[in-house]
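Here, residue 1 is the first one in the sequence, and each next residue gets the next number. These values consider heavy atoms only, across backbone and side chains, with no hydrogens, waters or symmetry-generated copies.
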Amino acid sequence: MDESRFSIKSIWTWLGTFFPNRDSLSAAQISRMAKVDRPGLNAIDMINFGFVQPVLRNAYTLAENCSLLSDIAQTLTQETFRAGMDILPRFAVKCEQCGYEMKEKKTRCDSCGSIAVRQARPAELLMLKRADGYSWIDKCNENGQTLLELCTQSDLHINTSDNAYIVAIKDYLFYKIGDENIPPGKMPGDVSDSFVREFICLDPRFVEKVFDKGGKPGGHNRICLKHRDTLLDIKQERCPQCGLRTHDVVARYYAATDSMAYFIEDEIIHLTKFYPHPLYGTPPAFKLRMNVFAYLYIEARIKNYYEKGRPPGIIAITTDNPQAVDENIRKINDQMVKDPNVLPWMPVSTGQSKVGKAVEYVQFMQDPSDQMMQVKNEIRRAICSFFNVSPLFMSDVSGASGFNNQGHQITILNRAIEKGQEVWNDKALMWMMRQLRIVDWKFWLNRSEQANEKDDAELQILKDQHAMNLQSMGFDIWVYEGQYKHNERPEHPPGMDAYAGRNLPIPEKNMSKRSGQAKKEYDAKKDAMSNDVRG
C-alpha cells in the first residue's frame with residue numbers, strides 16, 4: 001500500500017471514498033434511501049410525568065427522613081469536589097487541517113501527516129470573564145453561586161434521585177432582512193449568535209422531559225425565543241407574532257407561580273449516574289427500599305423509647321372498684337398539668353382480690369437490645385456497600401482496624417468517586433465549556449485520591465525499575481500517554497549470549513537434580529540453538 005497517500009490525505013477522507021456520508025449523497029440517492037425508524041418506547045417508558053414525578057418526590061422524602069441516605073449523598077458529593085477544579089487543555093497539539101487532536105506534542109499530524117499543528121490557544125481563556133468583571137468560576141449566576149457550588153448542588157440531586165438538570169440562560173441575536181454575509185442554510189429570523197448569561201440548577205421533581213413515541217427529544221410543541229410563553233404547534237416553524245424561527249421544546253419546568261418555563265435542546269443538559277437512561281434515571285433508594293424502611297423503623301423504635309422513657313405497654317391495676325381508680329387517675333393528671341414536679345399518690349385497697357400484684361406494667365415490646373443494634377449496623381453496611389461508601393467514611397471505625405482493611409475501604413470509595421467525576425469531566429463540564437464557546441480548554445475535577453502521595457511515588461519507582469529491567473534485557477522502551485510501552489520481542493544487545501531471551505523449555509536454575517532426562521533435553525536444546533546462531 002502506498003504510504004505517501006496517507007501523508008497527504010486524511011484517513012477519514014480515504015475512508016469516505018468507500019463509506020460516503022449523507023451530505024455527499026445526491027438528491028436521487030437520498031430519494032432511493034430506505035429509512036429505518038426507531039422501535040419506539042415500551043409501556044413503562046411511555047408513562048411520562050404522571051409516574052416519574054411522584055417517584056422522584058418519594059425519593060427525596062426518603063432522603064430527608066433517613067439520615068443514612070443524606071449522609072451518603074453528602075459524602076459522595078464532598079469527595080467528588082474535595083480536590084477542586086482546574087482548567088486544562090483538551091489536547092497537546094491539534095491538526096489545523098483535519099482537526100485531529102493528539103495527546104502528545106508532535107510536529108506532524110498522525111492522521112493526515114500535515115505539519116500545521118498547534119497547541120491550545122490561551123486567548124480562549126478570556127472567554128471565562130463575565131460582563132460584570134467576575135470569572136465564570138467565581139460567579140456563574142445572579143445568585144452569586146460559584147461554579148463548584150452549582151456543581152455541588154446538582155451532584156446532590158444526582159446522588160438522591162439519579163437526575164439533575166443544568167440550564168444555560170442565554171441572550172440571542174438574530175439575522176434580519178438586509179444583513180450581509182448570511183451563511184448558507186440560514187435565513188432572516190434564524191439565530192446568529194447567543195451569549196450565556198448564567199447557569200442554573202433545576203430541581204428534578206419539577207422538570208418534565210418532552211419526547212415523542214420513539215424516545216427522541218421534542219416532537220410535541222415549539223416556541224419562539226422571543227415569545228417563550230406562547231406554546232406553538234409542532235408544524236409552526238415561524239412565529240406568528242414576529243416571524244422568527246421556532247424551536248422544538250425538549251423540557252418544561254413547573255414553577256411555584258403556576259407558570260411554565262420551556263427549554264430547547266441547546267439550553268438544558270440532563271445528568272444521571274447510577275442507572276443511565278435516555279429518559280430518566282432511577283433513584284437508588286428505590287433499589288434499597290426494604291432496607292431503608294427497616295432502618296427507618298429501627299430508628300423510630302429507638303426514638304420512641306428515649307422520648308417516652310419506656311417501651312410501649314399498658315398499666316394493669318387489680319381492683320374491685322374501677323370507677324374509683326378512674327377518678328384518682330383524673331385527679332393525678334390534673335395535678336401533673338398544674339405542677340409537673342408533684343409526687344402523685346394513689347391509695348390501693350386490697351379488697352377481696354388476693355391474686356397477683358396490685359399494679360403491674362405489661363410491655364408490648366422489649367427494650368432496644370444489642371441484637372437490634374447489630375441488625376441496624378448490618379442494614380447500614382448493606383446500604384453503604386450499594387453506594388460503595390465504606391463505613392470508615394461514615395464515622396464507623398469499628399471494623400477499620402489494620403492497614404490492609406483501611407486501604408481496601410479507600411480503594412472502594414475511590415472507585416465510586418471516580419465514577420461520579422466521570423459524569424462531570426466527560427459530560428457536564430464539557431457542555432458548559434461549549435456553551436461559553438471554549439473549545440481548546442476544559443474544566444477538570446482533580447482526582448480525589450485518599451491514598452497518600454507516598455504510595456503513588458513508590459508505585460512509580462516500581463514502574464521505572466521494571467522499565468529499566470526490560471531495557472537491560474533488550475526490549476525497546478518508550479512512553480505513550482504517560483505509560484511505559486515495549487516491543488513484543490527483545491533485541492540482542494552486545495555482550496549477551498546468542499540464546500539469551502529465547503524460549504527455553506525449562507529454566508536451568510529451576511532444574512531438579514533428579515530429572516536427568518529433562519536435563520539432557522535442556523542441554524540438547526541449548527546446544528542446538530547455539531549451533532543455529534553460529535551458522
Tell me if a side-chain donor or acceptor on [X] pairs with a main-chain N or O of [Y] at a distance below 3.5 Å.
X	Y	result
N58	L56	no
S385	A382	yes
E64	T61	no
E101	F91	no
E418	L413	no
D440	R121	yes

Original post:
Which is it for R330 and E327 under the salt bridge (charged side-chain N to carboxylate O under 4.0 Å, His left out) test, yes or no, and what are the steps along the way?
Top reply: CA-CA 5 Å; R330 284 193 292 269; E327 184 65 25; 2.7 Å; yes

**OP:** Give the intermediate values and the outcome of side chain to side chain contact (heavy atoms under 4.5 Å, CB included) for residues D86 and N446.
**Re:** CA-CA 7 Å; D86 282 338; N446 296 322; 2.9 Å; yes

Residues two or more places apart in sequence or in another chain: which of them pass ring-ring contact (aromatic ring centres under 6.0 Å, His included) with [X]?
X	value
W136	F199
Y165	H270
F274	F387

Subject >> Matching residue for I234 among D212, D248, T246 - test: side chain to side chain contact (heavy atoms under 4.5 Å, CB included) >> reply: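 In the set D212, D248, T246, the residue that makes a side chain to side chain contact (heavy atoms under 4.5 Å, CB included) with I234 is D248.
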
Mind checking whether [X] and [Y] have side chains closer than 4.5 Å, heavy atoms only?
X	Y	answer
N221	V210	no
I166	W431	yes
M260	D229	no
I87	L125	yes
K94	Y100	no
Q78	T152	no
E208	Y280	yes
M85	F443	yes

Give every donor-acceptor pair under 3.5 Å between a side-chain atom in residues 281-295 and any protein atom, sequence neighbours left out.
{"unit_1": "R289", "atom_1": "NH1", "unit_2": "F286", "atom_2": "O", "d": "2.8"}
{"unit_1": "Y295", "atom_1": "OH", "unit_2": "E299", "atom_2": "OE2", "d": "3.4"}

Original post:
Are W424 and F81 close enough that their ring centers fall under 6.0 Å?
Top reply: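 Under 6.0 Å, so yes.
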
**OP:** Could you walk me through whether D138 and R130 pass the salt bridge (charged side-chain N to carboxylate O under 4.0 Å, His left out) test, one step at a time?
**Re:** CA-CA 10 Å; D138 300 328; R130 292 168 50 94; over 6 Å; no

Subject >> Q145-Q153 side chain donor-acceptor pair, cut-off 3.5 Å >> reply: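 There is such a pair (donor and acceptor under 3.5 Å, judged by atom type) between the side chains of Q145 and Q153.
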
**OP:** Report yes or no: do Q460 and D464 form a side-chain donor-acceptor pair below 3.5 Å?
**Re:**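 Looking only at side-chain atoms, D464 and Q460 do form a donor-acceptor pair, the distance falling under 3.5 Å.
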
**OP:** In sequence, state the C-alpha distance, the side-chain angles, and the governing distance for E79 and R82, and then conclude on salt bridge (charged side-chain N to carboxylate O under 4.0 Å, His left out).
**Re:** CA-CA 5 Å; E79 293 300 322; R82 180 180 60 85; 3.0 Å; yes

Subject >> For H247, all residues meeting side-chain hydrogen bond (donor to acceptor under 3.5 Å, both in side chains), sequence neighbours excluded >> reply: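 H247: no side-chain hydrogen bond (donor to acceptor under 3.5 Å, both in side chains) contacts found.
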
Subject >> side-chain hydrogen bond (donor to acceptor under 3.5 Å, both in side chains) assessment of Q421 paired with N425 >> reply: CA-CA 6 Å; Q421 288 184 341; N425 289 335; 4.7 Å; no

Original post:
Which is it for R222 and V249 under the side chain to side chain contact (heavy atoms under 4.5 Å, CB included) test, yes or no, and what are the steps along the way?
Top reply: CA-CA 5 Å; R222 302 177 73 88; V249 175; 5.6 Å; no

Distance check, rounded to the nearest 0.5 Å: [X] atom [atom1] versus [Y] atom [atom2]?
X	Y	atom1	atom2	result
C151	L445	SG	CG	7.0 Å
I379	I298	CD1	CD1	4.0 Å
D203	R57	CG	CZ	9.0 Å
L62	S70	CG	OG	11.5 Å
D155	T77	CG	OG1	4.0 Å
M432	I269	CE	CD1	7.5 Å

Subject >> Which atom of L156 lies closest to which atom of T160, heavy atoms considered >> reply: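 Reported closest heavy-atom pair: O-OG1, 2.8 Å.
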
**OP:** Decide yes or no on side chain to side chain contact (heavy atoms under 4.5 Å, CB included) for K226 and C239, but give the supporting numbers first.
**Re:** CA-CA 9 Å; K226 272 192 174 182; C239 177; over 6 Å; no

Check ion pair [X]-[Y] (N to O, under 4.0 angstrom):
X	Y	answer
E378	R381	yes
E265	K216	no
E124	R90	no

**OP:** Go through the steps for K463 and L459 under the test side chain to side chain contact (heavy atoms under 4.5 Å, CB included), then give the verdict.
**Re:** CA-CA 6 Å; K463 291 181 179 180; L459 179 61; 4.1 Å; yes

Original post:
By side chain to side chain contact (heavy atoms under 4.5 Å, CB included), which residues pair with V167, not counting sequence neighbours?
Top reply: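 In terms of side chain to side chain contact (heavy atoms under 4.5 Å, CB included), with neighbours along the sequence ignored, V167 is linked to I169, L202, F263, I268.
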
